[in-house]
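Structure, as structure tokens:
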There are 2 protein chains.
Amino acid sequence: MGRFVPVHHEAHDDCFAEEASQVLAGNGLRVTRPRRAVVELLERSPRPMGAADIHQELRTQGIRIDRASVYRVLAVLEAQGLVHRVLSAQGYMACHPPTHLHLHGGTEPADHSCHHHLVCRACGRTLETHCDGLRGLIDTIVERTGFQVEGHVLEIVGTCRECRQK
Amino acid sequence: MGRFVPVHHEAHDDCFAEEASQVLAGNGLRVTRPRRAVVELLERSPRPMGAADIHQELRTQGIRIDRASVYRVLAVLEAQGLVHRVLSAQGYMACHPPTHLHLHGGTEPADHSCHHHLVCRACGRTLETHCDGLRGLIDTIVERTGFQVEGHVLEIVGTCRECRQK
DNA sequence: TTCTGTGCAAAAACTTTGCAAGCCG
DNA sequence: CGGCTTGCAAAGTTTTTGCACAGAA
């Protein structure tokens, strides 16, 4: 079973914003104020945020951005793999490029950087974990079904340690 | 690693509709024509269907149902665990009660009936698989994080064998 | 017959699109 | 300066809600 490395989102360092800028610039996209603001907001958020949440929070912070722009910015960031749509929470979350959409490289060796989400029902926070044990399971499925795996999503719902202790 | 049992949704037998009726009746809910129609439709569908798809398909079949009712019916069925919202495809799929929302029983022994979805990007079909190998991985996560797991979703995206051969 | 559940219609929420002005590089 | 991006406004979609009638039990 693989190594387990819990990473709480609040603990992210700010280098992601810069990393995001490089990805955008490297793809001929501009690093604008709204884009940077969304990236930084999602990076700091302990939980996935929906388009409406993002819009409201940025306005609260005094950043002038239109609702339509939030959608456009999210579309661009998602296409660049800088943001990931967290499914069951219908929200978006910052996502470092290496874990790019959970997509595995085609015929490349196993990607052990895949991460999963632990969503706490009580406090709503999402913890991110890294654990390559899933890879073996997926390999088994590939072997038995002939299914060619391009990506996966594993989301675990429950109660985090802190909330259990209350 | 657990036994792997691919189950194509088209192969479902019709007992599910009856099973669904019992669950509804058992909870003081009525077994109405619209509810039965939605359950039977999802049971037969090889892929997840959105609310709009369900509405249109039922109308095509000559079943008179309102769009609003589709939403209300889906809400009821989902609450009863008879239907499962397939995340990445933003659709719903029939779901036998035993796998009820992928929720594990609290302190009960490991539930090996959990299933996962294999979503083919090419043909859009969803295969359902049973494989208890994931359980071990989740147990590891529980052990290391103190997270109390209530349920999980594993969705694998890729290309099915048939589409690969084209 | 009783009361849940439905159809219809309208409202609310969410998302997309067009266009002129703004801003990044 | 040139063209990608944005704000604004309006249209398009999806989902929810209110109410009187229909149909399960």
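Quick note on labels: first sequence line is chain A, next is B, and so on, each numbered from 1.
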Problem - Heavy-atom protein contacts under 4.0 Å, nucleotides 15-25 of chain D, coded B base, S sugar-phosphate only, - none - result: BBBB----BBS
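The CG-P distance, from L58(A) to dT6(D), rounds to 12 Å in whole Å. The CG atom of L74(B) sits 13 Å away from the C1' atom of dT14(D) (whole-angstrom rounding). At whole-Å resolution of the value, CE in M49(B) and P in dT14(D) are 14 Å apart.
In terms of the side-chain hydrogen bond (donor to acceptor under 3.5 Å, both in side chains) criterion, residue partners of E162(B) (sequence neighbours excluded) are, by chain and number, R125(B). Applying the side-chain hydrogen bond (donor to acceptor under 3.5 Å, both in side chains) test to Q61(A) and every residue at least two apart in sequence or in another chain returns E57(A). Contacts of R161(B) classified as side chain to side chain contact (heavy atoms under 4.5 Å, CB included), with partners at least two apart in sequence or in another chain: Q165(B).
How far CG of L24(B) is from CG of L82(B): 5.5 Å, rounded to the nearest 0.5 Å. The structure places CG of L41(B) at 6.0 Å from CD1 of I54(B), a figure rounded to the nearest 0.5 Å.
Contacts of V76(B) with the nucleic acid, taken as non-hydrogen atoms under 4.0 Å apart, are absent.
Taking the screw axis at each terminus of the helix from dT1(C)-dA25(D) to dG25(C)-dC1(D) from five consecutive base pairs, the angle between the two is 50° to within rounding of 10 degrees.
You can see that DNA chain C meets the heavy atoms of chain B within a 4.0 Å-exclusive cut from dC3(C) to dA9(C), reading 5' to 3'.
Between Y92(B) and E78(B), the shortest heavy-atom distance links the atoms CE2-OE1, 3.7 Å.
Listed by first and then second residue, the salt bridge (charged side-chain N to carboxylate O under 4.0 Å, His left out) pairs that reach into residues 28-41 of chain B are E40(B)-R44(B), sequence neighbours excluded.
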Using atom types as modelled, flag every donor-acceptor pair under 3.5 Å from a side chain in residues 63-77 of chain A to any protein atom, sequence neighbours excluded.
{"residue": "D66(A)", "atom": "OD2", "partner": "A68(A)", "partner atom": "N", "Å": "2.9"}

